[in-house]
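Below is one structure, written out as structure tokens; the observations come after it.
Given the structure is predicted, the values throughout are model-derived calculations rather than measurements. Labels below follow one simple rule: chain letters A, B, ... track the order of the sequence lines, proteins then strands, and each chain is numbered from 1.
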There are 2 protein chains.
Amino acid sequence: MSENCKLSNNERLVLDVLGRETGPMSAYMILDKLRGSGFRAPLQVYRALEKLIGMGRVHRLESLNAFIACSHMSCEKIGVAAFVICERCEHVQEVCDDSVSLFLAGLAEKTNFKASKTSIELRGVCDACEKA
Amino acid sequence: MSENCKLSNNERLVLDVLGRETGPMSAYMILDKLRGSGFRAPLQVYRALEKLIGMGRVHRLESLNAFIACSHMSCEKIGVAAFVICERCEHVQEVCDDSVSLFLAGLAEKTNFKASKTSIELRGVCDACEKA
DNA sequence: ATAGATATGTTATAACATAACAATAAACGT
DNA sequence: ACGTTTATTGTTATGTTATAACATATCTAT
Ligand SMILES: [Zn+2]
Ligand SMILES: [Zn+2]
Ligand SMILES: [Zn+2]
Ligand SMILES: [Zn+2]
């Protein structure tokens, strides 16, 4: 938590871009948004993303190859979250309650597995889009 | 289920390659295995994979950009499976029990979401590797 | 036969991600 | 302040994953 506060310049820039956007962004979308701030190569984005993900301030959506700012300012239990992704409106809801961590703990126990990273993603249609 | 039996030539070839391998394979690994059978382009693999996934006979591992044959000969409830992936030995265990479908159903209900596709993946170290 | 549907082949290109190396800048003990 | 270490940034090139667009062939039903 002490380390979470100090972001490098590039990390700050990337996190700000993700924070302004409501939906997920690919690394290359982020790069394009930051060309005005001097970014020129994908690696600048990927390096910042790696750090931010390590801090729990950004999550990677595996099924989209995209990234999104943590909706909790920073996940305490890093990696224990589920993402509900609407394919119509691109809205992503992050769910981090006990049911998620209990399910994952149960699954790990049942398979005698030590999980270091987890990914739960649901793709479909959100309530708002379904009604519209 | 009636459609599941009739595979096209290319689908058969791709499924056989995946069936012979114990671990996950990328599309390009599959392509290389099938050059001897006349495959020349990635699209031949991707098209077959798309169909096989639709039939539930192959699963895509989002966190690996790789594919694996269904360990059940064909998942009845397509897409409702969890994958436990060892990063040391590459072994993948497919879990399809009620706890998985109940968890997903609960999550969907809680978020008023209609899920059409789901992905649950745990990355870490399996029991065998941990002991070794 | 022939029309429509399905499957396949081919080339090119888009989209996503990392390797390798060079240069700077910040942190730290002396 | 000083040199040493560590972290950060910049740059070029390349590797990896996936699809678009178009051409051809095969199958199926009438
Ligand atoms: Zn979070
Ligand atoms: Zn929606
Ligand atoms: Zn399966
Ligand atoms: Zn293992």
Side-chain angles (χ1 to χ4, degrees), chain A residues 2-18 21 23-55 57-68 85 87 90 117 119 121 123, chain B residues 2-18 21 23-55 57-68 85 87 90 117 119 121 123:
Chain A
S2 48
E3 297 304 294
N4 288 9
C5 310
K6 25 179 18 184
L7 298 180
S8 81
N9 197 28
N10 286 1
E11 287 155 21
R12 179 86 259 156
L13 288 166
V14 168
L15 185 58
D16 284 351
V17 165
L18 282 173
E21 206 75 12
M25 297 181 81
S26 78
Y28 281 75
M29 287 165 67
I30 296 169
L31 174 57
D32 283 339
K33 291 270 185 196
L34 288 175
R35 294 212 184 263
S37 311
F39 274 45
R40 288 163 177 267
L43 213 47
Q44 298 174 279
V45 178
Y46 282 109
R47 284 202 276 230
L49 285 172
E50 189 182 4
K51 294 287 181 61
L52 291 166
I53 290 168
M55 297 172 194
R57 307 198 58 168
V58 166
H59 298 292
R60 178 185 166 87
L61 300 174
E62 300 286 356
S63 69
L64 291 176
N65 294 326
F67 306 86
I68 192 163
I85 304 163
E87 290 178 322
E90 295 265 279
K117 202 182 131 205
S119 154
E121 297 176 23
R123 307 279 298 272
Chain B
S2 48
E3 296 306 294
N4 287 10
C5 311
K6 26 178 15 183
L7 298 179
S8 81
N9 196 28
N10 286 0
E11 288 155 20
R12 180 85 259 157
L13 288 165
V14 168
L15 185 58
D16 284 350
V17 166
L18 282 172
E21 205 75 12
M25 298 181 82
S26 77
Y28 282 76
M29 286 165 68
I30 296 168
L31 174 57
D32 283 339
K33 291 271 184 196
L34 288 175
R35 292 210 187 266
S37 310
F39 274 46
R40 289 164 177 266
L43 213 46
Q44 296 174 278
V45 178
Y46 282 108
R47 285 202 276 231
L49 284 172
E50 189 182 3
K51 293 287 180 60
L52 291 166
I53 290 168
M55 296 173 194
R57 307 197 59 167
V58 167
H59 298 291
R60 177 186 166 86
L61 300 173
E62 299 286 357
S63 68
L64 292 176
N65 294 325
F67 306 86
I68 192 165
I85 304 164
E87 290 178 321
E90 294 264 279
K117 202 181 130 203
S119 153
E121 296 176 23
R123 307 279 298 271

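Toward the 5′ end of DNA chain C lies the nearest nucleotide of B:Gly38, the other residue of the pair B:Gly38 and B:Asn65 mapping further downstream. Map A:Met29 and B:Asn10 each onto its nearest nucleotide of DNA chain C; the residue landing nearer the 5' end is B:Asn10.
For the helix from C:dA1-D:dT30 to C:dT30-D:dA1, the end axes, each set by the C1' atoms of five terminal pairs, are bent relative to each other by 30° (nearest 10°).
Rounded to whole Å, atom P of C:dT24 lies 17 Å from atom CG of A:Asn9. The interatomic distance linking B:Leu13 (CG) with C:dA7 (P) rounds to 15 Å, in whole Å.
Every side-chain contact (heavy atoms from CB on, under 4.5 Å) that B:Asp16 has, sequence neighbours left out, goes to B:Arg12, B:Arg20. Every residue two or more places apart in sequence or in another chain that forms a side-chain contact (heavy atoms from CB on, under 4.5 Å) with B:Glu87 is listed here: A:Ser116, B:Arg123.
Near DNA chain C, meaning a heavy atom under 4.0 Å from it, residues 39-51 of chain A has A:Leu43, A:Tyr46 in order of number.
Between B:Glu11 and B:Met55 the shortest side-chain heavy-atom distance falls below 4.5 Å. Within the 4.5 Å cutoff, the side chain of A:Ile68 has no heavy atoms near those of the A:Arg60 side chain. Within the 4.5 Å cutoff, no side-chain heavy atoms of B:Leu7 are placed close to those of B:Val14. Using a 4.5 Å cut-off on side-chain heavy atoms (C-beta onward), B:Leu31 and B:Arg35 make contact.
Atom-to-atom distance recorded for B:Glu62:CD and A:Leu64:CG is 8.5 Å, nearest 0.5 angstrom. Atom CG of residue A:Leu13 and atom OG of residue A:Ser8 lie 8.5 Å apart, to the nearest 0.5 angstrom.
Under 3.5 Å, the side chains of A:Glu121 and A:Ser63 contain a donor-acceptor pair of N or O atoms.
First and last contacting nucleotides of DNA chain D toward chain A (any atom under 4.0 angstrom from a heavy atom, 5' to 3' order): D:dT8 to D:dT12.
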Just list the side-chain donor-acceptor pairs under 3.5 Å for residues 36-50 of chain B, sequence neighbours left out, or say none.
{"residue": "B:Gln44", "atom": "OE1", "partner": "B:Arg40", "partner atom": "N", "Å": "2.7"}
{"residue": "B:Gln44", "atom": "OE1", "partner": "B:Ala41", "partner atom": "N", "Å": "2.9"}

